[in-house]
2 protein chains.
Amino acid sequence: MRPEAPEGTRRTAQKRAIRGALEEAGEFVSAQQLHQRLDEAGVRVGLATVYRQLAGLAAAGLADTISVASGQLYRACESAEHHHHLVCETCGKAVEIDPPETWIRTAARKHGYTVTGHILEVFGRCPECAAA
Amino acid sequence: MRPEAPEGTRRTAQKRAIRGALEEAGEFVSAQQLHQRLDEAGVRVGLATVYRQLAGLAAAGLADTISVASGQLYRACESAEHHHHLVCETCGKAVEIDPPETWIRTAARKHGYTVTGHILEVFGRCPECAAA
DNA sequence: ATGCGTGCAAACGATTTGCAGAGAA
DNA sequence: TTCTCTGCAAATCGTTTGCACGCAT
């Protein structure tokens, strides 16, 4: 027997709502924040369902996820991979930068690791602050 | 009333033990792992104390901290230099990897930024855990 | 009709906090 | 002595899970 995992097949209003809300959010949001937004939008879904769907989307590669001290955050993964920022230590301004995906994958493969995530923060000084 | 925060001043065996264990660990460890290691080493300290000290070290900039799905991890912040790891999220094993210095500098220059520092950690699953 | 997906609430595990006692200053 | 730090246990908080029912198929 091969249970095979056809998993999420049924179309339900909740699934659409959750996925829609996640995409609409655009940025990283927690399961609870998403649940709250849905609630405010008049969509009544169980918090557990939000967690389950979010976990499913992440597992299916449809959502990116990162961990912060307060919990786990999710973001629709339709667009590019998750990005990082180059933060100015003086004025706080940050610009988006692309992660060295290739480099990361290469380094991981060299050690036989499967990459599941990474954190990257670069600090420095922006042009304006450097000039001042 | 101004409680003012004179903060940690007293020297206690626990503080030394915790900080020592953290430095000895070298890599990222959770409060619980650290507590367990101390216990195995015969050092009896309360778990709450470990959490409090770790939080204090992080706040004081003496420790780096990152968040993963299973919780928060700490690492002595002495080195902080060109020394990054590829961490297995399952067994915690980590291998050292070289940072994409060139990439970082290039990305920063593209935006006119002057780099002063960076943090990079890659998470994944090691060969053994991936096989299991 | 046949389950998968959901909602609710209890269960969980990590981290925090209240309080009284121990030890550093 | 004084007051910070520690220990223990209860309290939080985010997240997961057991169950029974409703709805998509």
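The sequence lines fix the lettering, A, B, ..., with proteins before strands; numbering per chain opens at 1. All heavy atoms count here, side chains included; hydrogens, waters and symmetry mates do not.
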Tell me: [atom1] of [X] to [atom2] of [N], nearest whole Å?
X       : N      : atom1 : atom2 : result
A:Arg10 : C:dC4  : CZ    : P     : 7 Å
A:Lys15 : D:dA24 : NZ    : C1'   : 10 Å
A:Arg16 : C:dG5  : CZ    : C1'   : 16 Å
B:Gln53 : D:dT6  : CD    : C1'   : 10 Å
B:His35 : D:dT6  : NE2   : C1'   : 12 Å

Seminar exercise, completed: side chain to side chain contact (heavy atoms under 4.5 Å, CB included) filter on A:Ala55, not counting sequence neighbours, yields none
Residue [X], side-chain atoms from C-beta onward, closest of [options]:
X       : options               : result
A:Val45 : D:dT17, C:dA24, C:dG7 : C:dG7
A:Gln14 : D:dT17, D:dT2, C:dT6  : C:dT6
B:Thr49 : C:dC8, C:dG3, D:dT6   : D:dT6

Exercise. Do A:Gln32 and A:Gln36 get their side chains close enough for a donor-acceptor pair, meaning under 3.5 Å?
Worked result: no
Problem set entry | Between B:Gln14 and B:Thr49: side-chain donor-acceptor atoms closer than 3.5 Å | no
Exercise. Which of these passes side chain to side chain contact (heavy atoms under 4.5 Å, CB included) with B:Ile18: B:Glu23, B:Gln53, B:Arg52, B:His35?
Worked result: B:Gln53
For this session: Would you mind telling me which of A:Asp39, A:Val45, A:Leu54 makes a side chain to side chain contact (heavy atoms under 4.5 Å, CB included) with A:Leu34?
Result: A:Leu54
Exercise. Where each residue is assigned the nucleotide of DNA chain C containing its nearest heavy atom, which of A:Val50 and B:Ala13 is assigned the position nearer the 5′ end?
Worked result: A:Val50
Exercise. Would you say a side-chain N or O of B:Thr12 is under 4.0 Å from OP1 or OP2 of D:dT4?
Worked result: no
Restricting to nitrogen or oxygen on both sides, can you table the protein-nucleotides 12-15 of chain D pairs closer than 3.5 Å?
unit_1, atom_1, unit_2, atom_2, d
D:dT15, OP1, A:Gln72, N, 2.8
D:dT15, OP2, A:Tyr51, OH, 2.4
D:dT15, O5', A:Tyr51, OH, 3.3

For this session: Go through the steps to decide whether A:Thr12 and A:Lys15 satisfy the test side chain to side chain contact (heavy atoms under 4.5 Å, CB included), and finish with yes or no.
Result: CA-CA 5 Å; A:Thr12 66; A:Lys15 277 184 182 172; 3.3 Å; yes
Exercise. When clusters are formed by joining ILVMFWY residues with side-chain heavy atoms under 4.5 Å apart, either directly or through shared neighbours, do B:Leu62 and B:Leu38 land in the same one?
Worked result: yes
Problem set entry | Touch class at under 4.0 angstrom, heavy-atom based, for A:Arg52 against every strand present | base
